[in-house]
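Okay, structure first, notes after.
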Number of protein chains: 2
Amino acid sequence: MFTVESGLLRSYSIDNKGKEHIYMFAPENWIITDNCEGDIPCDLYIDAIEDSTITVTEKDFTKLSSDRKSLVKRINVLQKRVIMLMSSPALERYQHFVETYPDIIQRVPQRMIASYLGITPEALSRLRKEISKNK
Amino acid sequence: MFTVESGLLRSYSIDNKGKEHIYMFAPENWIITDNCEGDIPCDLYIDAIEDSTITVTEKDFTKLSSDRKSLVKRINVLQKRVIMLMSSPALERYQHFVETYPDIIQRVPQRMIASYLGITPEALSRLRKEISKNK
DNA sequence: ATTGTGCATTGATGTAGGTCAAGAAGTGAT
DNA sequence: ATCACTTCTTGACCTACATCAATGCACAAT
């Protein structure tokens, strides 16, 4: 966990085509971290854009209070979502959603899944058609 | 703040064309809230997709410990970012970024702004050209 | 059985933004 | 001054997804 005293850091992911996607800028007084707690593989890189002075803190996920833990988890979920919205096409976002929330799929109409993925119901219908064709 | 005992809730925003964008599904044991703390205007609606049993909790932002407060703020920023990625075109996302982080613009190359916005440097260059034309 | 209502699908067409390739302009190193 | 390197810009073309409009389909109400 890095606290920026002066300067400017960034965190970013790299997609499967090698393209960088900046997740966050961290100027003075910001805290930036890769959030790779527990199960989820860490997918952020961090580096300095300007010469910077940094304070490094060890964080221990296991020592967090339970409600702080759930906030951190929520942040991780949002982080994944932001990165996918920036770097993955709708098909991959859908597949990731199906894997992550298999139960939700059964319970909500497709147009709501589309709405969550950031696409139209029509587009989702065509994606699903593609997927079923390739099996 | 709603804790879902049973059933399924969703939170969603409505963009300026009247289109809904689902921000989150909340099945059993999830907590869902509109997060409209302090300054930021609340832009989430919440409703039930299935018949649900809910526990309502009052949350008091002022009573949070300071590091919990900063986690909540971070979540709010991410929430805004997710919603904008789903519902706003690149031009609006850029303008919002400029307004929100005017200092960052001065300090990082444009291709990194583009990377943060989820577009290519070429696209950003064209957006900026458009903007300067219309003034 | 029939009518309505909401959801999913399909087709035709439009568009925002991506990709690729080529300059142009600034900056530092020799 | 020149070369190398990077950033930004511009043009031509391409693609993923949106939009609009029509159709089919399930299910509930009468």
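Hydrogens, waters and symmetry mates are skipped; everything else that's a heavy atom, side chains included, is used. We name chains A, B, ... by the order of the sequence lines, and we start the count at 1 in each one.
Aromatic rings from A/Tyr12 and A/Tyr45 are positioned such that their centres are separated by under 6.0 Å.
An end-to-end axis angle of 30° holds for the helix from C/dA1-D/dT30 to C/dT30-D/dA1, taken from five base pairs per end and rounded to 10°.
For residues 101-112 of chain B, the salt bridge (charged side-chain N to carboxylate O under 4.0 Å, His left out) pairs, not counting sequence neighbours, are A/Glu28-B/Arg107, A/Glu50-B/Arg107. Sorted by first then second residue, the ring-ring contact (aromatic ring centres under 6.0 Å, His included) pairs that include residues 104-135 of chain A, not counting sequence neighbours, are A/Phe97-A/Tyr116, A/Tyr116-B/Phe25. Applying the salt bridge (charged side-chain N to carboxylate O under 4.0 Å, His left out) test to residues at least two apart or on different chains, none of the pairs has a partner in residues 81-97 of chain A.
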- Message: Using a 4.0 Å heavy-atom cut-off to protein, can you give one letter per nucleotide of nucleotides 8-18 of chain D, 5' to 3': B if the base is in contact, S if only the sugar-phosphate is, - if neither?
- Response: SSBBB----SS
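In this view, A/Ser125 satisfies the side-chain hydrogen bond (donor to acceptor under 3.5 Å, both in side chains) rule with no residue, not counting sequence neighbours. When the side-chain hydrogen bond (donor to acceptor under 3.5 Å, both in side chains) test is applied to B/Gln95, no partner is found at least two apart in sequence or on another chain. With sequence neighbours excluded, no residue satisfies salt bridge (charged side-chain N to carboxylate O under 4.0 Å, His left out) with A/Lys17. Considering only residues two or more places apart in sequence or on other chains, A/Glu130 meets the salt bridge (charged side-chain N to carboxylate O under 4.0 Å, His left out) condition with A/Lys133. For the salt bridge (charged side-chain N to carboxylate O under 4.0 Å, His left out) test, residues two or more places apart in sequence or in another chain that qualify with A/Asp67 are B/Arg68. A/Glu20 meets the salt bridge (charged side-chain N to carboxylate O under 4.0 Å, His left out) test with A/Arg10; sequence neighbours excluded.
Taking the 5' to 3' direction, DNA chain C first and last meets chain A under 4.0 angstrom from a heavy atom at C/dC7 to C/dT19.
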